[in-house]
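Keep in mind that this is a model prediction, so the values were computed, not measured. Numbers restart at 1 for each chain; the letters A, B, ... are given by sequence-line order, proteins then strands.
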Number of protein chains: 2
Amino acid sequence: MHESFVSNPSFFKLDATLKKIKNYWQKNFDARGLAITVDQWLVIENLYKHKRITHNELAKLTSKDITTVSRIVELLVRKELVERQGSTDDRRKVFLQLTPEGVSKYKEVRPLVLEMRETGWKNLTEGDFQEMTRILDVIYSNIP
Amino acid sequence: MHESFVSNPSFFKLDATLKKIKNYWQKNFDARGLAITVDQWLVIENLYKHKRITHNELAKLTSKDITTVSRIVELLVRKELVERQGSTDDRRKVFLQLTPEGVSKYKEVRPLVLEMRETGWKNLTEGDFQEMTRILDVIYSNIP
DNA sequence: TAGCAATAGTTGCTATGGCAACTATCTATA
DNA sequence: TATAGATAGTTGCCATAGCAACTATTGCTA
């Protein structure tokens, strides 16, 4: 273990980069009047891909606390982008899915998201992407 | 630009990894009764390194919004780890520095931080660290 | 030098994040 | 089958994040 590993603030650069990305995304969302947050987008994206899932499943997919998911869903329900359906099998469970407006919102936002992802990865190669993914995965698995 | 660049949620893995790191750090802080948060630690670390700086300078060093810095400082002042000193040259400015208790807190927490950084970088090389740093720097500079 | 723009910092508001405590429901088992 | 434990989700609390609006001060310039 070399000095740079321990002297360098390990999470600081991650934090700074992530904040810059989220800020950039949010400003673009706002500039286009999309009326959603970046985390709300993440939820919408997952509901589009997985159709009909519970809060718990959504929490795992988004790496969010279930309480946070619960609150984001509440905001999206108020915006009429998501609807809740109580399960009949297990009355504790609530299934979530996009409303038609939610699906429209997904399709409206998606091209901008692709564009912003390209902007972030400019000047980087496919190999860089894989390296980063690999390293983040190792860090993730290192932590108990 | 290959498909993986645009199909893969670019910030999601960063976000998930960062949350895992912060959680792990916070649990260790709490388990040892250190009575600070991870972000408060970042502020203490910067005040230890830079001695006597303003809110604005601290905000730049920590990549935090000045409002957030202002609030974290308030919490640290209440804990008597940080003290404020109004500038005489420019009465808008407030200089911040660690109290003796703040310096003690730094020295108490520092070994644990080094340990946790090593845990995060386990199974990774110096080269991996540099790769990650390079890639994050490019992403950061890509974003307007 | 009067007044306006810029700067330093604070406060209010809303959203996300995590923990603890809570309700409601379901499952397992004595 | 009564009950204890597990599970799904919500709510309260506090911390961080960012924006807008605000006060106080300073610097610039007409």
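If you measure from atom CG of Leu75(A) to atom C1' of dC13(C), you get 14 Å, rounded to the nearest angstrom. Taking atom CZ of Arg91(B) as the reference point, atom C1' of dT7(C) lies 15 Å away to the nearest angstrom. The CZ-P distance, from Phe29(B) to dC19(C), rounds to 14 Å in whole Å. Rounded to whole Å, atom P of dT16(D) lies 11 Å from atom CG of Leu42(B). Note: CG (Leu18(A)) to P (dT16(C)) measures 14 Å, nearest angstrom. As rounded to whole Å, 11 Å separates atom P of dT16(C) from atom CD1 of Ile36(A). Distance CG (Asp39(A)) to C1' (dT16(D)): 13 Å, rounded to an integer number of Å. Rounded to an integer number of Å, the gap from CD of Gln26(B) to C1' of dT16(D) is 11 Å.
Comparing Arg84(A) and Lys79(B) along DNA chain D, the residue whose closest nucleotide (by nearest heavy atom) sits nearer the 5' end is Arg84(A). Each of Gln40(A) and Phe95(B) has a nearest nucleotide on DNA chain C; the 5'-most of these lies closest to Phe95(B).
Taking the ring axis of Tyr24(A) as reference, the NZ or CZ atom of Lys22(A) does not stay both within 45° of it and closer than 6.0 Å to the ring centre.
When heavy atoms are screened at a 4.0 angstrom cut-off, Asp89(A) is found touching the sugar-phosphate backbone but no base atom. Contact annotation for Glu74(A): no contact, since no heavy-atom pair falls under 4.0 Å across all strands.
Contact annotation: the side chain of Ile53(B) approaches that of Leu61(B) to within less than 4.5 Å [non-hydrogen atoms, C-beta and beyond]. Looking at heavy atoms from C-beta onward, Thr133(B) lies in side-chain contact with Phe129(B) at the 4.5 angstrom threshold. The closest side-chain heavy-atom distance from Lys13(B) to Tyr140(A) is not below 4.5 Å. You'll find the side chain of Leu58(A) stays beyond 4.5 Å of the side chain of His50(A), heavy atoms only.
Of the candidate nucleotides dT7(C), dG9(D), dT10(C), dG9(D) has the atom lying nearest to any side-chain atom of Val94(A). Across dT25(C), dT25(D), dA15(D), the shortest atom-to-atom separation from the side chain of Asp90(A) is found for dT25(C). In this structure, of dT16(C), dA24(D), dA15(D), it is dA15(D) that holds the atom nearest to the side chain of Thr37(B).
Listed pair Asn23(B) / dG18(C) meets the phosphate criterion, a side-chain N or O lying under 4.0 Å from OP1 or OP2. Close to dG17(C), at under 4.0 Å from its OP1 or OP2, lies a side-chain N or O of Lys19(B). Proximity of Lys27(B) to the phosphate of dG18(C): no side-chain N or O atom is located under 4.0 Å from OP1 or OP2.
Rounding to the nearest 0.5 angstrom, the gap separating the CZ atom in Arg52(B) from the CG atom in Leu96(B) is 9.5 Å.
Summarising the geometry of Val38(A) relative to Gln26(A), their closest heavy-atom pair is N-OE1, 3.1 Å, with the distance given to 0.1 Å.
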Please output the side-chain donor-acceptor pairs of residues 65-73 of chain B that fall under 3.5 Å, not counting sequence neighbours, one pair per line with the distance.
from: Asp65(B); atom 1: OD1; to: Thr67(B); atom 2: N; distance (Å): 3.0
from: Asp65(B); atom 1: OD1; to: Thr67(B); atom 2: OG1; distance (Å): 2.6

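Using a 4.0 Å cutoff on non-hydrogen atoms, the parts of residues 51-72 of chain B near DNA chain D are Lys64(B), Asp65(B), Thr67(B), Thr68(B), Arg71(B), Ile72(B), ordered by number.
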